[in-house]
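Read the numbers this way: they start at 1 and go in the same order the structure lists the ligands and their atoms. Sequential numbering from 1 along the given sequence is applied to the chain's residues.
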Amino acid sequence: MEKLIINDGGRLSGTVRAGGAKNSVLKLMAAALMAGGPCVIHNVPDISDVHSMVEVLSYMGLPVTFDRGTLDIAPADDIRCEVPYHLVQRMRASVEVLGPLIARYRRARVAMPGGCNIGTRQIDMHLKGLNQLGARLGVSHGFVEAEAEGLTGAHIHLDFASMGATENLLMAGVLAEGRTVIENAAKEPEVTDLVDFLTGMGARISGGGTSTLVIDGVDSLSGVEHTVIGDRIEAGTFLLAGAITRGEVEVTGFNPGHLEIVIDKMGEAGCRLDVGEDRISVSVPHGVSGIELSTLPYPGFPTDLQPQMLVLLCTAGGTSFVTENLFENRFMVVDEINRLGADIKTKNHHAIVKGVPSLSGAPVSAPDLRAGAALVLAGLIAEGTTEVYQVQFIDRGYERFEEKLNSLGAHVRRTTV
Ligand code: EPZ
(Lines give C-alpha, C1' and ligand atoms only; values in the text may rest on other atoms or scores of the structure.)
Protein backbone atom coordinates (compact mmCIF):
# COMPACT_ATOMS: atom_id res chain seq x y z
CA MET A 1 0.00 0.00 0.00
CA GLU A 2 1.31 3.44 -0.88
CA LYS A 3 0.42 7.00 0.00
CA LEU A 4 1.31 10.42 -1.37
CA ILE A 5 2.65 13.02 1.01
CA ILE A 6 1.98 16.57 -0.16
CA ASN A 7 3.42 19.71 1.36
CA ASP A 8 1.89 23.01 0.27
CA GLY A 9 4.19 24.02 -2.53
CA GLY A 10 2.88 27.43 -3.51
CA ARG A 11 1.89 28.34 -7.03
CA LEU A 12 2.46 25.82 -9.81
CA SER A 13 4.07 27.06 -12.99
CA GLY A 14 5.34 25.53 -16.20
CA THR A 15 4.20 23.16 -18.94
CA VAL A 16 3.00 19.59 -18.73
CA ARG A 17 1.86 17.21 -21.47
CA ALA A 18 -1.33 15.15 -21.29
CA GLY A 19 -0.99 11.49 -22.25
CA GLY A 20 -3.32 9.38 -24.38
CA ALA A 21 -6.94 9.13 -23.25
CA LYS A 22 -7.56 6.26 -20.82
CA ASN A 23 -11.27 6.19 -21.64
CA SER A 24 -10.50 5.73 -25.32
CA VAL A 25 -7.59 3.28 -25.34
CA LEU A 26 -9.37 0.68 -23.16
CA LYS A 27 -12.13 0.40 -25.76
CA LEU A 28 -9.71 0.40 -28.72
CA MET A 29 -8.05 -2.61 -27.07
CA ALA A 30 -11.44 -4.33 -26.86
CA ALA A 31 -12.13 -3.50 -30.51
CA ALA A 32 -8.83 -5.13 -31.50
CA LEU A 33 -10.48 -8.47 -30.64
CA MET A 34 -12.35 -8.15 -33.96
CA ALA A 35 -9.25 -7.45 -36.08
CA GLY A 36 -8.19 -9.97 -38.70
CA GLY A 37 -4.67 -8.50 -38.61
CA PRO A 38 -2.29 -6.77 -36.19
CA CYS A 39 -3.32 -3.56 -34.42
CA VAL A 40 -0.70 -0.98 -33.43
CA ILE A 41 -1.85 1.74 -31.00
CA HIS A 42 0.35 4.76 -30.19
CA ASN A 43 0.22 7.39 -27.41
CA VAL A 44 -0.93 4.79 -24.88
CA PRO A 45 -0.56 5.97 -21.26
CA ASP A 46 1.40 3.76 -18.85
CA ILE A 47 -1.41 3.43 -16.30
CA SER A 48 -2.66 0.41 -14.40
CA ASP A 49 -5.98 0.23 -16.25
CA VAL A 50 -4.09 -0.32 -19.52
CA HIS A 51 -2.08 -3.10 -17.87
CA SER A 52 -5.33 -4.60 -16.62
CA MET A 53 -6.77 -4.61 -20.14
CA VAL A 54 -3.51 -6.16 -21.44
CA GLU A 55 -4.08 -8.89 -18.84
CA VAL A 56 -7.66 -9.38 -20.07
CA LEU A 57 -6.58 -9.78 -23.71
CA SER A 58 -3.68 -12.04 -22.73
CA TYR A 59 -6.03 -14.17 -20.60
CA MET A 60 -8.16 -14.63 -23.70
CA GLY A 61 -5.11 -15.69 -25.72
CA LEU A 62 -4.19 -12.63 -27.76
CA PRO A 63 -0.46 -11.86 -28.02
CA VAL A 64 -0.13 -8.28 -26.69
CA THR A 65 3.00 -6.22 -26.10
CA PHE A 66 3.12 -2.76 -24.53
CA ASP A 67 6.36 -0.87 -24.85
CA ARG A 68 7.22 2.81 -24.59
CA GLY A 69 3.67 4.03 -25.25
CA THR A 70 2.86 1.63 -28.08
CA LEU A 71 0.60 -1.40 -27.93
CA ASP A 72 0.99 -4.23 -30.44
CA ILE A 73 -2.00 -6.57 -30.50
CA ALA A 74 -1.81 -9.60 -32.80
CA PRO A 75 -4.96 -11.40 -33.94
CA ALA A 76 -5.80 -14.86 -32.70
CA ASP A 77 -8.23 -17.28 -34.36
CA ASP A 78 -9.16 -19.42 -31.42
CA ILE A 79 -9.42 -17.49 -28.15
CA ARG A 80 -10.97 -18.01 -24.73
CA CYS A 81 -14.13 -15.92 -24.96
CA GLU A 82 -14.39 -15.19 -21.31
CA VAL A 83 -13.26 -12.71 -18.66
CA PRO A 84 -13.05 -13.99 -15.08
CA TYR A 85 -14.42 -12.19 -12.06
CA HIS A 86 -11.09 -11.04 -10.66
CA LEU A 87 -10.27 -9.14 -13.86
CA VAL A 88 -13.69 -7.49 -14.20
CA GLN A 89 -13.78 -6.68 -10.51
CA ARG A 90 -10.45 -4.87 -10.90
CA MET A 91 -11.63 -2.93 -13.94
CA ARG A 92 -15.28 -2.74 -15.00
CA ALA A 93 -14.33 -1.50 -18.49
CA SER A 94 -13.51 -5.17 -19.19
CA VAL A 95 -17.23 -5.55 -20.00
CA GLU A 96 -16.50 -3.65 -23.23
CA VAL A 97 -15.24 -6.95 -24.68
CA LEU A 98 -18.84 -8.25 -24.74
CA GLY A 99 -19.78 -6.61 -28.06
CA PRO A 100 -16.58 -7.59 -29.88
CA LEU A 101 -16.67 -11.20 -28.62
CA ILE A 102 -20.29 -11.77 -29.59
CA ALA A 103 -19.81 -10.02 -32.94
CA ARG A 104 -16.74 -11.97 -33.98
CA TYR A 105 -16.76 -15.19 -31.96
CA ARG A 106 -20.54 -15.41 -31.34
CA ARG A 107 -20.12 -16.22 -27.68
CA ALA A 108 -18.97 -14.60 -24.47
CA ARG A 109 -18.84 -15.30 -20.76
CA VAL A 110 -17.99 -12.17 -18.80
CA ALA A 111 -18.32 -11.60 -15.06
CA MET A 112 -20.89 -8.97 -14.15
CA PRO A 113 -19.08 -5.81 -13.06
CA GLY A 114 -19.64 -4.91 -9.45
CA GLY A 115 -20.56 -1.41 -8.52
CA CYS A 116 -17.81 0.88 -7.44
CA ASN A 117 -17.47 3.76 -5.04
CA ILE A 118 -19.11 6.25 -7.38
CA GLY A 119 -22.22 4.24 -8.11
CA THR A 120 -23.94 0.98 -9.01
CA ARG A 121 -22.66 1.17 -12.61
CA GLN A 122 -25.37 -0.96 -14.23
CA ILE A 123 -24.98 -2.54 -17.68
CA ASP A 124 -28.68 -3.08 -18.44
CA MET A 125 -28.52 -0.88 -21.55
CA HIS A 126 -25.54 -2.87 -22.86
CA LEU A 127 -27.46 -6.15 -22.45
CA LYS A 128 -30.75 -4.81 -23.83
CA GLY A 129 -29.03 -3.52 -26.98
CA LEU A 130 -27.07 -6.73 -27.53
CA ASN A 131 -30.32 -8.63 -27.22
CA GLN A 132 -31.90 -6.36 -29.85
CA LEU A 133 -28.98 -7.25 -32.14
CA GLY A 134 -29.89 -10.92 -31.78
CA ALA A 135 -27.64 -12.10 -28.99
CA ARG A 136 -29.13 -14.61 -26.53
CA LEU A 137 -28.06 -13.42 -23.10
CA GLY A 138 -28.47 -14.80 -19.63
CA VAL A 139 -27.01 -13.83 -16.28
CA SER A 140 -26.20 -16.68 -13.94
CA HIS A 141 -23.84 -17.13 -11.02
CA GLY A 142 -22.57 -13.58 -11.52
CA PHE A 143 -21.66 -14.03 -15.15
CA VAL A 144 -23.16 -12.75 -18.39
CA GLU A 145 -23.45 -15.74 -20.74
CA ALA A 146 -24.05 -14.77 -24.37
CA GLU A 147 -24.25 -16.54 -27.71
CA ALA A 148 -25.48 -15.69 -31.18
CA GLU A 149 -25.74 -17.43 -34.55
CA GLY A 150 -24.90 -14.05 -36.04
CA LEU A 151 -25.94 -10.53 -35.16
CA THR A 152 -28.55 -8.61 -37.19
CA GLY A 153 -28.69 -4.84 -37.39
CA ALA A 154 -31.32 -3.14 -35.22
CA HIS A 155 -32.66 0.33 -34.38
CA ILE A 156 -31.56 0.93 -30.79
CA HIS A 157 -32.65 3.87 -28.63
CA LEU A 158 -30.60 4.32 -25.47
CA ASP A 159 -32.59 5.56 -22.46
CA PHE A 160 -29.49 7.49 -21.42
CA ALA A 161 -26.46 8.58 -23.48
CA SER A 162 -24.30 5.95 -21.81
CA MET A 163 -20.69 5.97 -22.99
CA GLY A 164 -20.08 2.29 -22.28
CA ALA A 165 -23.36 1.10 -23.77
CA THR A 166 -22.80 3.19 -26.90
CA GLU A 167 -19.32 1.70 -27.36
CA ASN A 168 -20.29 -1.92 -26.71
CA LEU A 169 -23.22 -1.69 -29.15
CA LEU A 170 -21.19 0.22 -31.73
CA MET A 171 -18.58 -2.54 -31.72
CA ALA A 172 -21.24 -5.25 -31.93
CA GLY A 173 -22.93 -3.47 -34.84
CA VAL A 174 -19.88 -3.26 -37.11
CA LEU A 175 -20.00 -7.01 -37.81
CA ALA A 176 -23.79 -7.39 -37.67
CA GLU A 177 -25.78 -8.19 -40.82
CA GLY A 178 -27.35 -5.01 -42.20
CA ARG A 179 -27.82 -1.60 -40.64
CA THR A 180 -27.70 -0.68 -36.94
CA VAL A 181 -28.82 2.74 -35.74
CA ILE A 182 -27.99 3.87 -32.21
CA GLU A 183 -30.13 6.82 -31.11
CA ASN A 184 -29.24 8.97 -28.09
CA ALA A 185 -25.66 7.73 -28.46
CA ALA A 186 -22.91 9.20 -26.28
CA LYS A 187 -20.88 11.88 -28.10
CA GLU A 188 -17.74 11.90 -25.94
CA PRO A 189 -14.51 12.46 -27.94
CA GLU A 190 -13.39 9.00 -26.83
CA VAL A 191 -16.44 7.49 -28.56
CA THR A 192 -15.47 9.36 -31.72
CA ASP A 193 -11.91 8.06 -31.35
CA LEU A 194 -13.35 4.53 -31.30
CA VAL A 195 -15.41 5.32 -34.43
CA ASP A 196 -12.19 6.44 -36.15
CA PHE A 197 -10.35 3.30 -35.00
CA LEU A 198 -13.13 0.99 -36.25
CA THR A 199 -13.35 2.90 -39.53
CA GLY A 200 -9.62 2.35 -39.96
CA MET A 201 -10.31 -1.37 -39.56
CA GLY A 202 -12.82 -1.20 -42.44
CA ALA A 203 -16.05 -0.60 -40.52
CA ARG A 204 -18.76 1.54 -42.14
CA ILE A 205 -19.99 4.09 -39.57
CA SER A 206 -21.51 7.53 -39.92
CA GLY A 207 -22.59 10.07 -37.29
CA GLY A 208 -19.48 9.98 -35.11
CA GLY A 209 -19.68 12.85 -32.61
CA THR A 210 -23.46 13.06 -32.97
CA SER A 211 -26.21 11.39 -30.95
CA THR A 212 -27.16 9.12 -33.87
CA LEU A 213 -24.67 6.50 -35.00
CA VAL A 214 -25.42 4.58 -38.22
CA ILE A 215 -23.46 1.39 -38.76
CA ASP A 216 -23.62 -0.77 -41.91
CA GLY A 217 -22.24 -4.18 -41.02
CA VAL A 218 -19.26 -5.67 -42.87
CA ASP A 219 -18.06 -9.28 -43.06
CA SER A 220 -14.68 -8.77 -41.44
CA LEU A 221 -12.25 -6.17 -40.13
CA SER A 222 -8.53 -5.71 -40.72
CA GLY A 223 -5.86 -4.55 -38.35
CA VAL A 224 -5.13 -0.82 -38.01
CA GLU A 225 -2.46 1.61 -36.79
CA HIS A 226 -3.89 4.40 -34.65
CA THR A 227 -2.80 7.18 -32.29
CA VAL A 228 -4.99 7.71 -29.24
CA ILE A 229 -6.39 11.22 -28.72
CA GLY A 230 -5.03 13.26 -25.81
CA ASP A 231 -6.69 12.76 -22.44
CA ARG A 232 -9.02 15.72 -21.86
CA ILE A 233 -9.66 14.66 -18.25
CA GLU A 234 -5.96 14.51 -17.40
CA ALA A 235 -5.51 17.86 -19.16
CA GLY A 236 -8.40 19.38 -17.19
CA THR A 237 -6.96 17.99 -13.96
CA PHE A 238 -3.65 19.81 -14.52
CA LEU A 239 -5.39 23.02 -15.60
CA LEU A 240 -7.37 22.92 -12.36
CA ALA A 241 -4.16 22.24 -10.42
CA GLY A 242 -2.76 25.45 -11.89
CA ALA A 243 -5.93 27.40 -11.02
CA ILE A 244 -6.23 25.93 -7.51
CA THR A 245 -2.67 27.05 -6.67
CA ARG A 246 -3.25 30.41 -8.41
CA GLY A 247 -0.25 29.62 -10.61
CA GLU A 248 0.40 29.69 -14.35
CA VAL A 249 0.23 26.29 -16.02
CA GLU A 250 0.20 25.25 -19.65
CA VAL A 251 -1.08 21.82 -20.67
CA THR A 252 -0.26 20.40 -24.12
CA GLY A 253 -0.93 17.21 -26.07
CA PHE A 254 -4.71 17.30 -26.35
CA ASN A 255 -7.53 18.97 -28.31
CA PRO A 256 -8.80 22.07 -26.45
CA GLY A 257 -12.07 21.66 -28.35
CA HIS A 258 -12.73 18.68 -26.07
CA LEU A 259 -12.81 20.97 -23.02
CA GLU A 260 -15.04 23.81 -24.25
CA ILE A 261 -17.53 23.73 -21.36
CA VAL A 262 -14.70 23.36 -18.85
CA ILE A 263 -13.00 26.43 -20.31
CA ASP A 264 -16.32 28.31 -20.01
CA LYS A 265 -16.94 27.30 -16.39
CA MET A 266 -13.35 27.93 -15.26
CA GLY A 267 -13.59 31.31 -16.98
CA GLU A 268 -16.88 32.03 -15.18
CA ALA A 269 -15.09 31.26 -11.90
CA GLY A 270 -12.43 33.87 -12.67
CA CYS A 271 -9.71 31.84 -14.41
CA ARG A 272 -7.99 33.23 -17.47
CA LEU A 273 -7.50 30.59 -20.16
CA ASP A 274 -5.41 31.13 -23.28
CA VAL A 275 -6.39 28.48 -25.83
CA GLY A 276 -3.94 27.29 -28.50
CA GLU A 277 -4.23 24.58 -31.15
CA ASP A 278 -3.11 21.71 -28.92
CA ARG A 279 -2.66 23.46 -25.60
CA ILE A 280 -4.32 25.67 -22.96
CA SER A 281 -2.65 27.98 -20.44
CA VAL A 282 -4.39 28.95 -17.21
CA SER A 283 -3.87 31.73 -14.67
CA VAL A 284 -6.05 33.41 -12.04
CA PRO A 285 -5.56 37.17 -12.29
CA HIS A 286 -8.15 38.33 -9.76
CA GLY A 287 -9.21 35.44 -7.52
CA VAL A 288 -11.89 32.76 -7.90
CA SER A 289 -15.63 33.33 -7.45
CA GLY A 290 -18.46 30.90 -6.82
CA ILE A 291 -20.45 29.45 -9.77
CA GLU A 292 -23.31 27.07 -10.55
CA LEU A 293 -22.31 23.80 -12.22
CA SER A 294 -24.10 20.64 -13.41
CA THR A 295 -22.42 17.56 -14.83
CA LEU A 296 -23.93 16.11 -18.01
CA PRO A 297 -22.94 13.76 -20.83
CA TYR A 298 -20.67 15.39 -23.43
CA PRO A 299 -20.63 18.18 -24.42
CA GLY A 300 -21.86 19.00 -20.89
CA PHE A 301 -19.46 19.42 -17.98
CA PRO A 302 -17.66 16.08 -17.48
CA THR A 303 -18.40 14.22 -14.27
CA ASP A 304 -14.74 13.13 -14.27
CA LEU A 305 -13.67 16.71 -13.55
CA GLN A 306 -16.35 17.42 -10.94
CA PRO A 307 -14.26 16.48 -7.85
CA GLN A 308 -11.30 18.55 -9.07
CA MET A 309 -13.62 21.52 -9.76
CA LEU A 310 -15.07 21.19 -6.26
CA VAL A 311 -11.57 21.75 -4.88
CA LEU A 312 -11.17 24.93 -6.93
CA LEU A 313 -14.52 26.19 -5.61
CA CYS A 314 -13.58 25.36 -1.99
CA THR A 315 -11.45 28.47 -1.72
CA ALA A 316 -13.58 30.69 -3.97
CA GLY A 317 -14.73 34.08 -2.67
CA GLY A 318 -18.37 33.00 -2.54
CA THR A 319 -20.77 30.07 -2.62
CA SER A 320 -21.13 27.51 -5.44
CA PHE A 321 -23.92 25.07 -6.31
CA VAL A 322 -22.80 21.81 -7.94
CA THR A 323 -25.16 19.12 -9.30
CA GLU A 324 -23.89 15.65 -10.18
CA ASN A 325 -26.21 14.05 -12.74
CA LEU A 326 -24.28 10.95 -13.84
CA PHE A 327 -23.26 9.00 -10.76
CA GLU A 328 -25.37 8.70 -7.65
CA ASN A 329 -22.42 8.49 -5.31
CA ARG A 330 -19.78 10.76 -6.78
CA PHE A 331 -19.93 13.13 -3.82
CA MET A 332 -18.19 10.43 -1.73
CA VAL A 333 -15.12 12.64 -1.95
CA VAL A 334 -16.81 15.53 -0.10
CA ASP A 335 -16.28 13.99 3.35
CA GLU A 336 -12.57 13.74 2.58
CA ILE A 337 -12.27 17.28 1.22
CA ASN A 338 -14.07 18.58 4.33
CA ARG A 339 -11.41 16.88 6.47
CA LEU A 340 -9.06 19.40 4.88
CA GLY A 341 -11.15 22.28 6.20
CA ALA A 342 -13.52 22.82 3.30
CA ASP A 343 -17.18 23.71 3.85
CA ILE A 344 -19.25 21.56 1.48
CA LYS A 345 -22.74 20.33 2.26
CA THR A 346 -24.44 17.73 0.07
CA LYS A 347 -28.05 16.70 -0.30
CA ASN A 348 -28.83 13.94 -2.81
CA HIS A 349 -27.09 14.97 -5.99
CA HIS A 350 -26.52 18.60 -5.02
CA ALA A 351 -23.56 20.15 -3.22
CA ILE A 352 -23.33 23.65 -1.74
CA VAL A 353 -19.72 24.80 -1.55
CA LYS A 354 -19.03 27.74 0.74
CA GLY A 355 -15.63 29.25 -0.04
CA VAL A 356 -13.15 29.26 2.86
CA PRO A 357 -9.93 31.33 3.09
CA SER A 358 -7.66 28.29 3.23
CA LEU A 359 -7.45 24.51 3.70
CA SER A 360 -5.36 22.67 6.27
CA GLY A 361 -3.41 19.47 5.73
CA ALA A 362 -4.72 16.11 7.03
CA PRO A 363 -4.60 12.39 6.22
CA VAL A 364 -7.32 11.51 3.68
CA SER A 365 -8.29 8.48 1.59
CA ALA A 366 -9.01 8.37 -2.14
CA PRO A 367 -12.41 6.68 -2.69
CA ASP A 368 -11.90 6.51 -6.47
CA LEU A 369 -9.65 7.68 -9.28
CA ARG A 370 -10.81 11.25 -9.87
CA ALA A 371 -11.50 11.90 -6.18
CA GLY A 372 -7.94 10.80 -5.44
CA ALA A 373 -6.57 13.31 -7.93
CA ALA A 374 -8.79 16.02 -6.41
CA LEU A 375 -7.48 15.29 -2.90
CA VAL A 376 -3.90 15.66 -4.12
CA LEU A 377 -4.80 19.00 -5.71
CA ALA A 378 -6.34 20.09 -2.39
CA GLY A 379 -3.12 19.06 -0.63
CA LEU A 380 -1.19 21.43 -2.90
CA ILE A 381 -2.83 24.42 -1.15
CA ALA A 382 -3.59 22.95 2.30
CA GLU A 383 -1.40 24.44 5.01
CA GLY A 384 1.02 21.85 6.36
CA THR A 385 1.16 18.24 5.23
CA THR A 386 -1.56 16.20 3.52
CA GLU A 387 -1.35 12.43 3.14
CA VAL A 388 -3.48 10.76 0.46
CA TYR A 389 -4.01 7.02 0.99
CA GLN A 390 -5.30 4.46 -1.56
CA VAL A 391 -2.96 5.80 -4.24
CA GLN A 392 -3.65 2.74 -6.40
CA PHE A 393 -6.87 4.45 -7.49
CA ILE A 394 -4.90 7.42 -8.86
CA ASP A 395 -2.47 5.13 -10.67
CA ARG A 396 -5.39 3.64 -12.61
CA GLY A 397 -5.74 6.77 -14.73
CA TYR A 398 -2.79 9.12 -14.20
CA GLU A 399 0.67 8.27 -15.50
CA ARG A 400 3.48 9.54 -13.23
CA PHE A 401 1.00 11.89 -11.49
CA GLU A 402 3.30 13.16 -8.74
CA GLU A 403 6.23 13.45 -11.18
CA LYS A 404 4.23 15.70 -13.49
CA LEU A 405 2.99 17.82 -10.57
CA ASN A 406 6.53 18.16 -9.18
CA SER A 407 7.76 19.27 -12.61
CA LEU A 408 5.40 22.23 -12.09
CA GLY A 409 6.88 23.03 -8.67
CA ALA A 410 4.75 20.86 -6.36
CA HIS A 411 6.20 18.91 -3.42
CA VAL A 412 4.62 15.47 -3.64
CA ARG A 413 6.35 12.26 -2.68
CA ARG A 414 5.22 8.64 -2.73
CA THR A 415 5.97 6.31 0.14
CA THR A 416 4.78 2.96 1.38
CA VAL A 417 2.28 2.94 4.24
C1 EPZ B 1 -17.40 5.99 -18.72
O2 EPZ B 1 -17.97 5.12 -17.76
C3 EPZ B 1 -16.04 6.37 -18.17
N4 EPZ B 1 -15.22 5.18 -18.00
C5 EPZ B 1 -16.20 7.06 -16.82
O6 EPZ B 1 -14.90 7.48 -16.39
C7 EPZ B 1 -17.07 8.30 -17.01
O8 EPZ B 1 -17.28 8.93 -15.76
C9 EPZ B 1 -18.43 7.89 -17.62
O10 EPZ B 1 -18.19 7.18 -18.85
C11 EPZ B 1 -19.31 9.08 -17.91
O12 EPZ B 1 -18.67 9.95 -18.78
C13 EPZ B 1 -14.62 4.63 -19.09
O14 EPZ B 1 -14.79 5.08 -20.22
C15 EPZ B 1 -13.74 3.44 -18.84
P16 EPZ B 1 -21.88 5.52 -18.55
P17 EPZ B 1 -19.32 4.30 -18.15
O18 EPZ B 1 -22.25 4.22 -19.14
O19 EPZ B 1 -19.27 3.91 -19.57
C20 EPZ B 1 -25.62 4.46 -15.85
C21 EPZ B 1 -13.05 7.65 -14.96
O22 EPZ B 1 -12.86 8.20 -13.86
N23 EPZ B 1 -25.80 3.30 -16.72
O24 EPZ B 1 -21.94 6.75 -19.39
O25 EPZ B 1 -19.54 3.27 -17.13
C26 EPZ B 1 -24.39 4.30 -14.98
O27 EPZ B 1 -24.70 3.56 -13.82
C28 EPZ B 1 -14.35 6.90 -15.20
O29 EPZ B 1 -12.25 7.68 -15.91
C30 EPZ B 1 -26.91 2.47 -16.53
O31 EPZ B 1 -27.74 2.70 -15.64
O32 EPZ B 1 -20.40 5.46 -17.95
C33 EPZ B 1 -24.03 5.72 -14.65
O34 EPZ B 1 -24.80 6.16 -13.56
C35 EPZ B 1 -15.30 6.99 -14.02
N36 EPZ B 1 -27.07 1.38 -17.33
C37 EPZ B 1 -24.45 6.50 -15.91
O38 EPZ B 1 -25.33 5.62 -16.64
C39 EPZ B 1 -26.17 1.07 -18.31
O40 EPZ B 1 -26.38 0.06 -19.02
C41 EPZ B 1 -23.29 6.86 -16.80
O42 EPZ B 1 -22.70 5.67 -17.19
C43 EPZ B 1 -25.06 1.91 -18.49
C44 EPZ B 1 -24.90 3.01 -17.70
Side-chain angles (χ1 to χ4, degrees), residues 18-31 45 47-50 52-53 56 88 90-99 112-132 137 139 144 156-171 182 184-194 211 228-229 231-237 258 261-262 295-308 324-333 349 366-374 393-399 401:
K22 165 181 89 79
N23 292 345
S24 171
V25 67
L26 299 178
K27 295 24 148 354
L28 307 187
M29 295 171 76
I47 54 177
S48 61
D49 271 9
V50 166
S52 296
M53 190 55 104
V56 167
V88 177
R90 190 194 311 165
M91 186 186 63
R92 65 182 310 283
S94 316
V95 293
E96 293 297 319
V97 303
L98 266 175
M112 284 290 280
C116 71
N117 283 335
I118 60 175
T120 54
R121 311 295 295 272
Q122 307 277 342
I123 59 165
D124 52 309
M125 288 188 272
H126 300 235
L127 302 181
K128 184 179 165 199
L130 289 168
N131 186 257
Q132 283 181 264
L137 299 146
V139 178
V144 176
I156 298 166
H157 196 290
L158 294 179
D159 295 347
F160 175 86
S162 153
M163 197 168 161
T166 299
E167 292 164 326
N168 234 332
L169 300 174
L170 167 64
M171 290 188 278
I182 304 175
N184 196 24
K187 299 185 280 191
E188 275 73 1
E190 296 78 16
V191 176
T192 307
D193 204 26
L194 176 59
S211 50
V228 186
I229 58 170
D231 193 320
R232 62 191 167 104
I233 304 301
E234 183 189 12
T237 302
H258 295 164
I261 185 93
V262 177
T295 64
L296 284 169
Y298 193 87
F301 192 93
T303 176
D304 292 348
L305 284 175
Q306 176 259 92
Q308 302 91 314
E324 168 56 52
N325 290 308
L326 276 85
F327 292 109
E328 65 273 24
N329 210 9
R330 196 149 216 177
F331 283 140
M332 275 272 283
V333 67
H349 62 182
D368 67 83
L369 160 58
R370 305 301 175 185
F393 281 117
I394 299 173
D395 295 336
R396 291 190 53 177
Y398 290 95
E399 178 178 350
F401 191 50

Problem - Any N or O of Ala161 closer than 3.5 Å to N or O of ligand 1 - result: no
Problem - Heteroatom distance test (Asn23, ligand 1): nitrogen or oxygen, under 3.5 angstrom - result: yes
Practice task
For the pair Asn184 (side chain) and His157 (backbone), establish whether a donor and an acceptor sit closer than 3.5 Å, ignoring hydrogens and angles.
Solution key: no
Problem - Candidate pair Glu167 and Val191, rule side chain to side chain contact (heavy atoms under 4.5 Å, CB included), full reasoning - result: CA-CA 7 Å; Glu167 292 164 326; Val191 176; 3.7 Å; yes
Practice task
Flag Ala93 as yes when one of its N or O atoms lies below 3.5 Å from any N or O atom of ligand 1, and as no otherwise.
Solution key: no
Practice task
With the side chain counted from C-beta on, respond yes when Arg370 and Ile233 share a heavy-atom pair under 4.5 Å apart, and no when they do not.
Solution key: yes
Practice task
List the closest protein heavy-atom neighbour of atom 18 (O) of ligand 1: residue, atom name, distance to the nearest 0.1 Å.
Solution key: Ser162 OG, 2.7 Å
Problem - For atom 2 (O) of ligand 1, closest protein heavy-atom neighbour - result: Arg121 NH2, 3.4 Å
Problem - Close-contact set for ligand 1 against Ile123 heavy atoms, below 4.0 Å - result: 39 (C), 40 (O)
Exercise for the section: Considering heavy atoms of the protein only, find what lies nearest to atom 24 (O) of ligand 1 and give residue, atom and distance to 0.1 Å. Expected result: Met163 N, 2.9 Å
Problem - Pair Glu190 + Arg232: basic N to acidic O under 4.0 Å - result: yes
Practice task
Output yes when a side-chain donor or acceptor of Glu234 lies under 3.5 Å from a complementary backbone atom of Gly19, and no otherwise.
Solution key: yes
Completion exercise
The option among Val95, Asp304, Leu326 carrying the non-hydrogen atom nearest to atom 28 (C) of ligand 1 is Asp304
Exercise for the section: For atom 20 (C) of ligand 1, state whether the nearest protein heavy atom is under 4.0 Å away. Expected result: no
Exercise for the section: Please verify whether a non-hydrogen atom of Arg330 lies at under 4.0 Å from ligand 1. Expected result: yes
Exercise for the section: Measure from the side-chain N and O atoms of Thr295 to the backbone N and O of Asn325, and report whether any donor-acceptor pair falls under 3.5 Å. Expected result: yes
Exercise for the section: Report the nearest protein non-hydrogen atom to atom 9 (C) of ligand 1: residue, atom name, distance rounded to 0.1 Å. Expected result: Phe327 CZ, 3.9 Å
Problem - Shortest protein heavy-atom distance from atom 22 (O) of ligand 1, along with the residue and atom involved - result: Arg370 NE, 2.9 Å
Fill in the blank from the handout: If you scan protein heavy atoms around atom 36 (N) of ligand 1, the nearest is Asp124 OD1, 2.7 Å
Exercise for the section: Would you mind listing which atoms of ligand 1 come within a distance below 4.0 Å of any non-hydrogen atom of Met125? Expected result: 23 (N), 30 (C), 36 (N), 39 (C), 40 (O), 43 (C), 44 (C)
Exercise for the section: Could you tell me the residue and atom name of the protein heavy atom closest to atom 43 (C) of ligand 1, and the distance to it rounded to 0.1 Å? Expected result: Gln122 O, 3.3 Å
Exercise for the section: Would you mind listing which atoms of ligand 1 come within a distance below 4.0 Å of any non-hydrogen atom of Lys22? Expected result: 21 (C), 29 (O)
Practice task
Rounded to the nearest 0.5 Å, what's the gap from CG on Asp231 to NZ on Lys22? Could you check?
Solution key: 8.0 Å
Exercise for the section: For Phe160, take its heavy atoms, then give the atoms of ligand 1 lying under 4.0 Å from any of them. Expected result: 37 (C), 38 (O), 41 (C)
Problem - Side-chain H-bond candidate by donor/acceptor type, His126 with Asn168, under 3.5 Å - result: yes
Handout entry: side chain to side chain contact (heavy atoms under 4.5 Å, CB included) between Thr303 and Leu296, worked out
Key = CA-CA 7 Å; Thr303 176; Leu296 284 169; over 6 Å; no
Completion exercise
re atom 25 (O) of ligand 1, the protein heavy-atom contact at minimum distance is Arg92 NH1, 2.9 Å
Problem - Glu324/Arg330 ion pair, N-O < 4.0 Å - result: no
Practice task
Would you check if Tyr398 and Pro45 make a side-chain contact, meaning some heavy-atom pair closer than 4.5 Å?
Solution key: no
Problem - Residue Lys27 vicinity, atoms of ligand 1 by number, heavy atom under 4.0 Å - result: 13 (C), 14 (O), 15 (C)
Problem - Gly164: numbered ligand 1 atoms lying under 4.0 Å from its heavy atoms - result: 18 (O), 19 (O)
Problem - Approximate separation, where rounding is to 0.5 Å, of Arg90 CZ and Met53 CE - result: 11.5 Å
